[in-house]
*Asks:* 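The structure that follows is given in the form of structure tokens.
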Amino acid sequence: MTPAPAALVRTIPLLRCPLCGDRLGPTEAGVECGGGHSFDRARGGHLTLLGARGRRFPGDSAEQVAARERVLGHGVFDGVADALAEVATGAVGAVARPVLLDAGAGTGFYLDRVVDALHRRVAPGGDAMEAVGEPLGIGTELSVAAARRLARVNPLVAALVVDTWDGLPLRDAGVDLVQVVFAPRNPAEFARVLRPGGTLVVAVPGPGHLEPLRSRVGMLAPAADKAERLDTHLAAGFDPGPVRVVDVTTTVPAAIAADLALMGPSGVHLGRAGVERAIGSGDGPVRVHVEVRTFRRSLHE
């Protein structure tokens, strides 16, 4: 069998069994806990660690994943990726061998950029990167189509197929930074896996995100009180920190605009033919309005 990716090997000591909570150890085919629960590694390198309820939702389809890859490759969300990288570097840049978790990582676009930025950092005082060690990125994703790409995105990233709603198969306080970008949130689990004083970074759409495309094709709109509800949900385990706003308008081809409309939750309700009719054939403006919100794991919890 193909050897496990190096990043996955580094991740195994941080894992716990999603069925019984026992520590997981390596096997030739994947991992196994002391209770005899075993989980095989896929040929592509990702490891599936679903809980007792198994796979309740399929996650993004292969078509949605492909659309997202085309959008991300076009550079529409480069500003968001840059902001996340700067926030992470400021939060854990001086930590030796930091462990990062991207919950709902998709194909790993944002995690790749963050890990790469940390890999190129220098220690305080200007010493070489080796003085603080290589970061480890752990990406969790429900969609198998996305996880296959996530497993190949960066040699410093490990890919796990996980349902965030059912819990994270990671031991307590083993992560330095949790990142969630347009993905489901489980505050109790984020607080559990983060070390005290660790950082949670949440990227959420602002009220003007993806306009005028959103209104033109009938995409789902973000809730007006999304930011306030986020602060409330995280109040038990986190102290709110700075908010960074990315707000840029870019011109995109019609095909990329259609992919933007179809790659997320709205894609379940919209058909490509109708979206393409609403967009037309010319280039058009799209606003990327995203709030990158940071929270610190409470020390007193």
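This chain uses plain numbering: 1 for the first residue, then up along the sequence. Atom set for the values below is all heavy atoms of this structure, side chains included, hydrogens, waters and symmetry mates excluded.
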*Asks:* Can a donor-acceptor pair be found, under 3.5 Å and without considering hydrogens, that links the side chain of Glu211 to the backbone of Ser215?
*Replies:* yes

*Asks:* May I have all residue pairs that pass side-chain hydrogen bond (donor to acceptor under 3.5 Å, both in side chains) and include part of residues 80-93, sequence neighbours excluded?
*Replies:*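 As it turns out, the side-chain hydrogen bond (donor to acceptor under 3.5 Å, both in side chains) pairs with a partner in residues 80-93, which skip direct neighbours, are Asp82-Arg113, Glu86-Arg244.
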
*Asks:* To the nearest 0.5 Å, what is the distance between OG1 (Thr11) and CG (Leu170)?
*Replies:*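 Here the interatomic distance stands at 8.5 Å.
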
*Asks:* Which pair of heavy atoms, one from Leu111 and one from Gln179, lies closest together, and at what distance?
*Replies:*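 Of all heavy-atom pairs spanning Leu111 and Gln179, the closest is N-NE2, 3.9 Å.
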
*Asks:* Does any part of the side chain of Asp239, heavy atoms only, come nearer than 4.5 Å to the side chain of Phe295, both counted from C-beta?
*Replies:*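 SC-SC contact between Phe295 and Asp239 ruled out.
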
*Asks:* So how far is it from Arg23 CZ to Ile12 CD1, rounded to the nearest 0.5 Å?
*Replies:*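 Arg23 CZ to Ile12 CD1: 13.0 Å, rounded to 0.5 Å.
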
*Asks:* Which atoms form the tightest heavy-atom contact between Ala147 and Ala159, and what is the distance?
*Replies:*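 Smallest interatomic distance, heavy atoms only, reads O-CB, 4.0 Å.
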
*Asks:* One pair to check against side chain to side chain contact (heavy atoms under 4.5 Å, CB included): His46 and Val144. What are the steps and the verdict?
*Replies:* CA-CA 9 Å; His46 62 274; Val144 173; 4.2 Å; yes

*Asks:* What is the distance from atom OG1 of Thr294 to atom CG of Leu84, rounded to the nearest 0.5 Å?
*Replies:* 11.0 Å

*Asks:* Could you see if Val193 belongs to whatever hydrophobic cluster contains Leu19? Use Ile, Leu, Val, Met, Phe, Trp, Tyr and a side-chain cutoff under 4.5 Å.
*Replies:* yes

*Asks:* Any idea which heavy atoms bring Val245 and Glu291 closest together, and the distance?
*Replies:* CG2-CG, 4.4 Å

*Asks:* State, to 0.1 Å, how close Leu150 and Gly108 come at their nearest heavy-atom pair, and which atoms those are.
*Replies:*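 That closest heavy-atom pairing would be CD1-CA, 3.5 Å.
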
*Asks:* With the side chain counted from C-beta on, respond yes when Thr250 and Val252 share a heavy-atom pair under 4.5 Å apart, and no when they do not.
*Replies:*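 In short, these two side chains touch, coming nearer than 4.5 Å.
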
*Asks:* Do Met219 and Leu213 have side-chain heavy atoms sitting under 4.5 Å apart?
*Replies:* yes

*Asks:* May I ask you to test the Leu101-Leu177 pair for a side-chain heavy-atom distance under 4.5 Å?
*Replies:*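 No. Closest side-chain heavy atoms not under 4.5 Å.
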
*Asks:* Going by the side-chain hydrogen bond (donor to acceptor under 3.5 Å, both in side chains) test, which pairs reach into residues 136-152, not counting sequence neighbours?
*Replies:*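 Those involving residues 136-152 are Glu69-Arg149.
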
*Asks:* With side chains defined as the heavy atoms from C-beta onward, is the minimum distance between Val162 and Leu142 less than 4.5 Å?
*Replies:*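 Result no, sub-4.5 Å side-chain heavy-atom pair not found.
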
*Asks:* List the steps and the verdict of side chain to side chain contact (heavy atoms under 4.5 Å, CB included) for Arg97 and Leu136.
*Replies:* CA-CA 7 Å; Arg97 299 172 67 85; Leu136 171 63; over 6 Å; no

*Asks:* What's the separation between atom CD in Glu134 and atom CG in Leu118, rounded to the nearest 0.5 Å?
*Replies:* 11.5 Å

*Asks:* Going hydrophobic residue to hydrophobic residue with side-chain gaps under 4.5 angstrom, can you get from Val9 over to Phe39?
*Replies:*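 No, because Val9 and Phe39 fall into different hydrophobic clusters, even though each may have its own neighbours under 4.5 Å.
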
*Asks:* For the backbone of Asn186 and the side chain of Glu189, can you confirm whether one donor and one acceptor N or O come within less than 3.5 Å of each other?
*Replies:*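 No.
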
*Asks:* Do Ile279 and Val217 touch side chain to side chain, with heavy atoms closer than 4.5 Å?
*Replies:*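 The answer is yes; the side chains approach within 4.5 Å.
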
*Asks:* Are Val243 and Val204 connected into the same hydrophobic cluster when the rule is that any two of I, L, V, M, F, W, Y join if their side-chain heavy atoms are below 4.5 Å apart?
*Replies:* no

*Asks:* Dump the intermediate steps for side chain to side chain contact (heavy atoms under 4.5 Å, CB included) on Asp112 and Val114, then the final yes or no.
*Replies:* CA-CA 6 Å; Asp112 174 47; Val114 170; over 6 Å; no

*Asks:* Output every pair passing ring-ring contact (aromatic ring centres under 6.0 Å, His included) with a member in residues 157-204, not counting sequence neighbours, ordered by first then second residue.
*Replies:*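 Applying ring-ring contact (aromatic ring centres under 6.0 Å, His included) to every pair that reaches into residues 157-204, excluding sequence neighbours, yields Phe182-His209.
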
*Asks:* Determine whether Pro5 and Arg41 make a side-chain contact, defined as any pair of heavy atoms from C-beta on separated by less than 4.5 Å.
*Replies:*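 Counting from C-beta outward, Pro5 and Arg41 do come under 4.5 Å.
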
*Asks:* Find the distance between CG (Leu15) and CG (Leu47) and round it off to the nearest 0.5 Å.
*Replies:* 7.0 Å

*Asks:* Could you walk me through whether Leu72 and Thr107 satisfy the side chain to side chain contact (heavy atoms under 4.5 Å, CB included) test, starting with their C-alpha distance in whole Å, then the side-chain angles of each, then the deciding distance to 0.1 Å, before giving a yes or no?
*Replies:* CA-CA 10 Å; Leu72 295 172; Thr107 59; 4.3 Å; yes

*Asks:* Write down the atom of Gly282, the atom of Ala254, and the distance for their closest heavy-atom approach.
*Replies:*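 Heavy atoms only, the tightest pair is O-CB, 3.6 Å.
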
*Asks:* Which distance, rounded to the nearest 0.5 Å, do you find between the CG of Asp102 and the CG of Leu160?
*Replies:* 11.5 Å

*Asks:* Over all heavy atoms of both residues, which pair between Leu24 and His37 is shortest? Give the atoms and the distance, please.
*Replies:*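 Closest heavy-atom pair between Leu24 and His37: CD2-O, 4.5 Å.
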
*Asks:* Between Arg68 and Asp259, is there a salt bridge with N-O shorter than 4.0 Å?
*Replies:*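 No.
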
*Asks:* Is any side-chain N of the basic residue among Arg192 and Asp172 closer than 4.0 Å to the acidic one's carboxylate O?
*Replies:*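 Yes, Arg192 and Asp172 are salt-bridged.
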
*Asks:* Indicate yes or no: at least one non-hydrogen side-chain atom of Arg195 is less than 4.5 angstrom from one of Val95.
*Replies:*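 A side-chain contact exists here, since the closest heavy-atom pair is under 4.5 Å.
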
*Asks:* Would a hydrophobic clustering, with Ile, Leu, Val, Met, Phe, Trp and Tyr connected at side-chain separations under 4.5 Å, put Val161 with Val65?
*Replies:*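 The answer is no; the residues belong to distinct hydrophobic clusters.
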
